[in-house]
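The next block holds one structure in the form of structure tokens; read it before the comments.
Values in this document were obtained by computation on a predicted structure and should not be read as measured data. The figures here come from the full heavy-atom set of this structure, side chains too, leaving out hydrogens, waters and symmetry mates.
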Amino acid sequence: MNDSATGQSPLSVFMATTSYPRDAADWKGRFIYDLAAALDRTGQTRLRLWGPPGELPGRVISADSTRDAAWLEQMAQAGGIAHLLRRRPLAGLRYSRGLLARLRRSCRANPPDMYHVNWLQLVFGLPADRRPAYVGVLGSDFGLLDLPGMKPLLRRAFRRRPTMLAPNAQWMAAKLTEHFGDVATVRPNPFGVLPDWFAVPRSPANPPEWLVVTRITRNKLGDLLEWGDGLFGTGRKLRLLGPMQEQVALPEWIDYGGATNPEQLRARWFPRATGLLTLSRHDEGRPQVMIEAMASGLPVVASAIPAHGDLLCQGETGWLVDSRDQLAQALQATEAADAIGPRARQWLREHVGTWDDHARRCVAAYRHLLEGL
């Protein structure tokens, strides 16, 4: 059957992921659900998804066996593979071996036209069948590239099949090209947002109310606890939203509201917030909450790391800060002006777009890879 819009037959795509939301309120892997839904809406894919169990969109079907689903759920409950490798290396290695073996069996049982994997190291779990692979690359992958022997192993895996590395931010392209440009095509493809984010109404509170939306770890909080002391609490509020993944003692000037989800952010928090603040020092690719904030017209003040610099133009679409003094100045400048949010929204619309835009770029990449066979 041909797709009516393109006249081309839909592609059979096997998508593998190590993170997936259990339900609409789950924050983990929410971008994978949105990506799968957008690919399904193109009408140009028949998508089978292998990953932790959860509600599937549209015509997407699960590639999990019953045993795989239970095992992947157990891994997700343990914190996910990237977390395990960083925090519990021995347990992470055991899970990695099991993960790759299970993935390989499932691929062989469900041979597709091509693979789409959403964690760089999942290419090790693909069978030696020469089918093309589209590899989504996230910021967390970069930390794992520094593991001993990882880059030579990846190079060998990429040589075995036509491979496209698709980082979700431009800043990652140079390093990927340096290490793998002779064995894989590197083509950045930024994640999009749901159209609903562009329609968020804005009526900021007075006095100012700033938001931090993050998984709560020391690296994710970055310099917030040190730099924020004295800048928040009197005449300026700070609300922290997100799951507590490490036990971090929070000072009284932080109003901690627990975990949240996209629906609550759109309906409750983003409309009233003065701006979004992130001082993360984590291995970021292109933080999705920043993209959603910008699409909503919410000003962003962020730490000066490559992932944030790839999104924000200083003083035009947001503020990058590298000290407490710079943070104080950025907060004041944002509260005194009202143009940054609209400019950020327009930039996001033009340079990133929606998940449907992202999915169309994926399908074009799939067909490019298949044409090269």
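Taking the side chain as every heavy atom from C-beta outward, Thr217 and Val248 never approach each other to under 4.5 Å. Annotation: side chain of Thr185 is not in contact with side chain of Leu165 (no heavy-atom distance under 4.5 Å). Looking at heavy atoms from C-beta onward, Tyr20 lies in side-chain contact with Tyr33 at the 4.5 angstrom threshold. Counting heavy atoms from C-beta on, the side chains of Pro262 and Arg30 come closer than 4.5 Å. The closest side-chain heavy-atom distance from Leu240 to Leu250 is below 4.5 Å. Ile340 places none of its side-chain heavy atoms less than 4.5 Å from the side chain of Glu316. At least one side-chain heavy atom of Phe180 sits less than 4.5 Å from a side-chain heavy atom of Lys151. Residues Val200 and Pro271 have side chains in contact (heavy-atom distance under 4.5 Å, counting atoms from C-beta outward).
Hydrophobic cluster membership differs between Leu225 and Leu211, with clusters built from Ile, Leu, Val, Met, Phe, Trp and Tyr side chains linked at under 4.5 angstrom. The hydrophobic clustering, which links ILVMFWY residues whose side-chain heavy atoms are closer than 4.5 Å, places Leu120 and Leu93 together. In terms of hydrophobic clustering, with Ile, Leu, Val, Met, Phe, Trp and Tyr side chains grouped at heavy-atom distances under 4.5 Å, Met294 and Val321 are assigned to different clusters. Val352 and Val300 end up in the same hydrophobic cluster when Ile, Leu, Val, Met, Phe, Trp and Tyr side chains are linked at under 4.5 Å. Cluster membership for Leu331 and Val213, using ILVMFWY side-chain heavy atoms within less than 4.5 angstrom, is not shared.
Closest non-hydrogen pair, Ser303 versus Ser280, comes out as OG-O, 2.7 Å. The two residues Asp64 and Leu49 come nearest to each other via the heavy atoms OD1-O, 4.0 Å. A pairwise comparison of heavy atoms in Pro52 and Thr18 identifies CG-O, 3.6 Å as the closest pair. Of all heavy-atom pairs between Leu194 and Trp355, the closest is N-CD1, 3.7 Å. Nearest approach of Arg104 to Leu126, heavy atoms of both residues: NE-O, 4.1 Å. Contact detail for Gln264 and Ala259: the closest heavy-atom pair is OE1-O, 4.2 Å.
Between the side chain of Gln288 and the main chain of Gly192, a donor-acceptor pair closer than 3.5 Å is present. In this structure, Thr42 contributes its side chain and Leu39 its backbone to a donor-acceptor pair below 3.5 Å. Of the possible donor and acceptor atoms, none in the side chain of Asp229 sits under 3.5 Å from a partner among the backbone N and O of Glu226. The closest donor-acceptor contact from the side chain of Thr17 to the backbone of Asn118 lies at 3.5 Å or more, if one exists at all. A donor-acceptor pair is defined here as one N or O able to donate and one able to accept, closer than 3.5 Å; such a pair exists between the side chain of Asn110 and the backbone of Ser106. Panel note: side chain Thr274, backbone Pro208; no donor-acceptor pair is recorded below 3.5 Å. Judged by distance alone, with hydrogens and angles left aside, the side-chain atoms of His308 form no donor-acceptor pair with the main-chain N or O of Leu320 at under 3.5 Å. Although no hydrogens or angles enter the test, the distance criterion places no donor-acceptor pair under 3.5 Å between the side chain of Arg22 and the main chain of Gly54.
Between Arg160 and Asp129 there is no salt bridge, since no side-chain nitrogen of the basic residue lies less than 4.0 Å from a carboxylate oxygen of the acidic one. For the pair Arg46 and Asp40, the salt-bridge criterion is not met [side-chain N within less than 4.0 Å of a carboxylate O]. Salt bridge present: Asp182 and Arg155 bring a charged side-chain N and a carboxylate O closer than 4.0 Å. Ion pairing between a basic and an acidic side chain is recognised when a charged N comes within 4.0 Å of a carboxylate O; Asp356 and Arg41 show such pairing. Ion pairing of Glu209 with Arg272 is present here, as a side-chain N (NZ or NE/NH1/NH2) and a carboxylate O approach within less than 4.0 Å. Using a 4.0 Å cut-off between charged side-chain N and carboxylate O, Arg48 and Asp113 make no salt bridge. The pair Arg218-Glu246 meets the salt-bridge criterion, since a charged nitrogen lies less than 4.0 angstrom from a carboxylate oxygen.
The structure places CZ of Phe124 at 8.5 Å from CZ of Arg156, a figure rounded to the nearest 0.5 Å. Distance CG/Leu369 to OG1/Thr163: 7.5 Å, rounded to 0.5 Å. In this structure, OG1 on Thr177 lies 11.5 Å from CE on Met172, to the nearest 0.5 angstrom. Rounding to the nearest 0.5 angstrom, the gap separating the CD atom in Glu73 from the CG atom in Asp68 is 13.0 Å. Separating the CG atom in Leu224 from the CG atom in Leu231 is a distance of 10.0 Å, to the nearest 0.5 Å. In this structure, the separation between CD on Gln74 and CD on Gln77 is 9.5 Å, given to the nearest 0.5 Å.
The aromatic rings of Phe191 and Phe31 sit parallel to each other, their planes meeting at less than 30°, with 60° as the upper class boundary. Ring geometry for Phe270 against Trp197 counts as tilted: the plane angle lies between 30° and 60°, on a 0 to 90° scale. The aromatic rings of His351 and Trp347 lie parallel to each other, their planes meeting at an angle below 30°, with 60° marking the opposite boundary. Using cut-offs of 30° and 60° for the angle between ring planes, the Tyr366 and His116 rings count as perpendicular.
Atom CD of Glu55 has 12 or fewer neighbouring heavy atoms from other residues, nucleotides or ligands inside a 6.0 Å radius. Counted within 6.0 Å of NZ on Lys237, heavy atoms from surrounding residues, nucleotides or ligands total 12 or fewer; the atom is thus considered open.
For the 3.5 Å distance criterion, the side chains of Trp210 and Glu335 qualify, holding a donor opposite an acceptor. Side-chain polar atoms of Asn189 and Arg361 form a donor-acceptor pair below 3.5 angstrom. Donor-acceptor pairing under 3.5 Å is lacking for the side chains of Arg360 and Gln44.
In this structure, the ring of Tyr95 has its center less than 6.0 angstrom from the ring center of Trp71.
Contacts of Asp310 classified as side-chain contact (heavy atoms from CB on, under 4.5 Å), with partners at least two apart in sequence or in another chain: Ala169, Gln170, Trp171, Arg286. The side chain to side chain donor-acceptor pair (under 3.5 Å) test applied to Gln245 returns Arg215, not counting sequence neighbours.
In this structure, Arg349 forms a cation-pi arrangement with Phe198, its terminal cationic atom sitting closer than 6.0 Å to the ring centre and no more than 45° off the ring axis.
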Test side-chain contact (heavy atoms from CB on, under 4.5 Å) on Leu298 and Arg202 and set out the steps.
CA-CA 8 Å; Leu298 185 64; Arg202 294 277 295 128; 3.6 Å; yes

Please assess Leu327 against Leu279 for the test side-chain contact (heavy atoms from CB on, under 4.5 Å), listing each intermediate value before the final yes or no.
CA-CA 9 Å; Leu327 173 59; Leu279 299 178; 4.1 Å; yes

For a side-chain contact (heavy atoms from CB on, under 4.5 Å) check, start with the C-alpha distance between Thr334 and Val301, then their side-chain angles and the critical distance, and finish with the verdict.
CA-CA 9 Å; Thr334 303; Val301 174; 3.9 Å; yes

Are Met290 and Leu312 close enough, and set up right, to give a side-chain contact (heavy atoms from CB on, under 4.5 Å), and what steps lead you there?
CA-CA 10 Å; Met290 281 180 61; Leu312 301 179; 4.0 Å; yes

Take Arg281 and Asp223, measure what salt bridge (charged side-chain N to carboxylate O under 4.0 Å, His left out) needs, and give me the verdict at the end.
CA-CA 8 Å; Arg281 298 296 178 184; Asp223 295 299; 3.1 Å; yes

